[in-house]
Participant: 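Before anything else, here's the structure in question.
In the text below, chain A, chain B and the rest are named by the order of the sequence lines, each starting its count at 1. For the numbers below, each heavy atom of this structure counts, side chains included, while hydrogens, waters and symmetry mates do not.
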Amino acid sequence: MESSNKYIITFIIIMTVIAAVALAGMREITMSASTKNEEIFNKRSILLTVNDYLGDGLNVSDLTDEQVLKMFKEQVEQVVINQKGEVVPNMLAEKIDLAVEKKKAESERLLPLFVFKNDKEKFYILSVRGSGLWDEIWGNIAVKSDLNTIAGATFDHKGETPGLGAEIKDNPSFPGQFVGKQLFRDGEVAILVRKGGSQDKMYEVDGISGATITSDGVTEMLQRGIANYLPYLETIQN
Amino acid sequence: MAEILDKVKTVEKEPFFGPKERKLLTDPLMDNNPITVQILGVCSALAITSLVYPSVVMAISVTLVTAFSNLFTSLVREYIPKQVRMIVQLVIIATLVTIVELALKALNFPIWKQLSVYIGLIITNCIVMGRLEAYAMANKPWRSFLDGIGNGLGYGAILVIVAIIREILGKGTLFAGSPVEIKIIGPNTTYLIDTTTNTFFSWYANNNLMVLPAAALFIIGILIWIHRSVNAKLVDIS
């Protein structure tokens, strides 16, 4: 049966309206739950960088969602800094999205900084974002209070190859390698991922074989991303 | 007059869940499996089967989408203008997939993160549209619904079988990432400290090939081979 144009257009319009209403309704219903989930997910990955220092032998993976939020509220101080290294008042670091900041002019970009405190020490958690082989990669690096030694790192990615580039997240031994390494040498970011195995044990970690571009992407992301924090780190060091 | 009466009779005779309906559910599982016989939906079967838990979630999502898109298409099949039927089918599928994705994001964020683009790619899964064109456009809603469930389960069954093989050989675990994660083979974390509490085959080193999509291709190939050699109906006589 061939239908008239009028019928087709009416049918399509009605169908589109029904689909749009259904989707809009569904989004409204799920909005609050999914934003909360995302927040907890991000906070978990930030706390994971200081997993060894949570105290009481706690592990991030054992914490319930409520405990994550509570710990974040009580032990994490959120600081937003600008490119000159000054603290921007009245802003929360969790509201800063590096993907959005990347689109701004370089001098206007803001940086999130999370300061985790336990009974003895302070940890500065820096966020970095860069490109892997297929898509964006990002990570959080926790630095001890000497502002040089790495306490822990987590990485995540959007679409790296499973088993190769995706190992930066899936294989805990890759971020694990960063623990204890030094970030800076003579005031410059020296940490890097070396293809074929690290040579300088103070500053280098082993690359992932078969994932050279992702490994190089991690190096580039760390060197550029951490350099952005240098002005601020220098002010608190003095 | 007699002809019309006959027609009415056959309509009344249609049972709610008779042998024909049962066949709609069992056929895609064995004789007419979407993956191993029709070779449809292989792309997503390669991509997400490295772990069992995401595969189960994917199987459920696809089953829901095939079932309800079949149902809705069948309900409006008399009214769909022939010239735009593909667009109409696509809108129905896309709406349902987006609803599933939103629900998943609200209910289980980490698994949504893991499946990432593949949930959205259910839209392009050939099984869904194939069933709409081949079955739902010509059959009654209830049967179309069952046909959708059957095909979703047929797809899901292969997905889970492949994922079980890949996860055991590639990671040594089952249901990793879910609350019921168990270690099947390979050394556990304390193996080097305490060799008395090891798991089965604690000498086993994870096979990284199994994590790559290529492994899924081999496994699906072998499954097709086994399926055809067991089921004489599938072999071409010519």
Participant: Evaluate whether atom NZ of A/K6 has more than 12 neighbouring non-hydrogen atoms of other residues, nucleotides or ligands under 6.0 angstrom away.
Facilitator: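 At most 12 heavy atoms, drawn from other residues, nucleotides or ligands, come within 6.0 Å of this atom.
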
Participant: Which value, rounded to the nearest 0.5 Å, describes the distance between B/F109 atom CZ and A/R44 atom CZ?
Facilitator: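 These two atoms lie 12.5 Å from each other.
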
Participant: For the CD1 atom of A/I18 and the CZ atom of B/F72, what is their distance to the nearest 0.5 Å?
Facilitator: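 Spacing of CD1 (A/I18) from CZ (B/F72) equals 10.0 Å.
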
Participant: Roughly how far, to the nearest 0.5 Å, is the OG1 atom of A/T30 from the CG atom of B/L102?
Facilitator: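 Going from CG on B/L102 over to OG1 on A/T30, the span is 4.5 Å.
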
Participant: Do the non-hydrogen side-chain atoms of B/V91 and A/T16 ever get within less than 4.5 Å of each other?
Facilitator: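 Heavy-atom side-chain distance check fails, nothing below 4.5 Å.
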
Participant: side-chain contact (heavy atoms from CB on, under 4.5 Å) with A/I8: which of B/V88, B/V84, B/I87, B/I80?
Facilitator: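 Answer to the side-chain contact (heavy atoms from CB on, under 4.5 Å) test with A/I8 among B/V88, B/V84, B/I87, B/I80: B/V84.
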
Participant: Quick one: does A/N37's side chain have a donor or acceptor within less than 3.5 Å of a partner on B/N108's backbone?
Facilitator: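 Checked: no pair found.
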
Participant: With a sphere of 6.0 Å drawn around NZ of A/K70, does it hold more than 12 non-hydrogen atoms of other residues, nucleotides or ligands?
Facilitator: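 Not more than 12 within 6.0 Å, no.
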
Participant: Can you see which heavy atom on B/P110 is nearest to which on A/F41, and at what distance?
Facilitator: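 Reported closest heavy-atom pair: CA-CE1, 4.0 Å.
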
Participant: May I ask you to check whether over 12 heavy atoms, not counting those of B/W142, lie within 6.0 Å of atom CH2?
Facilitator: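 Counting other residues, nucleotides and ligands, CH2 of B/W142 exceeds 12 neighbours.
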
Participant: Tell me, for B/L107 versus chain A, whether the close heavy atoms (under 4.5 Å) come from the side chain, the backbone, both or neither.
Facilitator: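 Contact with chain A: backbone only.
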
Participant: Decide yes or no for A/Y7 and B/Y79: does some side-chain heavy atom of the first lie under 4.5 Å from some side-chain heavy atom of the second?
Facilitator: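 SC-SC contact between A/Y7 and B/Y79 confirmed.
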
Participant: For the CD1 atom on A/I213, are there more than 12 heavy atoms of other groups (residues, nucleotides or ligands in this structure) within a distance under 6.0 Å?
Facilitator: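 No, because the 6.0 Å sphere around CD1 of A/I213 holds 12 heavy atoms or fewer from other groups.
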
Participant: Does any backbone or side-chain atom of A/I12 lie under 4.5 Å from a heavy atom of chain B? Answer side chain, backbone, both or neither.
Facilitator: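 Just its side chain gets close to chain B.
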
Participant: Is the count of non-hydrogen atoms from other residues, nucleotides or ligands lying under 6.0 Å from A/K195 atom NZ greater than 12?
Facilitator: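 Incorrect, the count does not exceed 12.
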
Participant: Mark yes when over 12 heavy atoms from residues, nucleotides or ligands other than A/R27 sit less than 6.0 Å from its CZ; otherwise mark no.
Facilitator: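 12 or below, so no.
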
Participant: What part of B/A94 is in contact with chain A, defined as an atom under 4.5 angstrom from a non-hydrogen atom: side chain, backbone, both or neither?
Facilitator: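 Neither; nothing under 4.5 Å.
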
Participant: Taking the side chain as everything from C-beta on, heavy atoms only, tell me whether A/D156 gets closer than 4.5 Å to B/K113.
Facilitator: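 When only atoms from C-beta onward are counted, B/K113 and A/D156 do touch, with a gap below 4.5 Å.
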
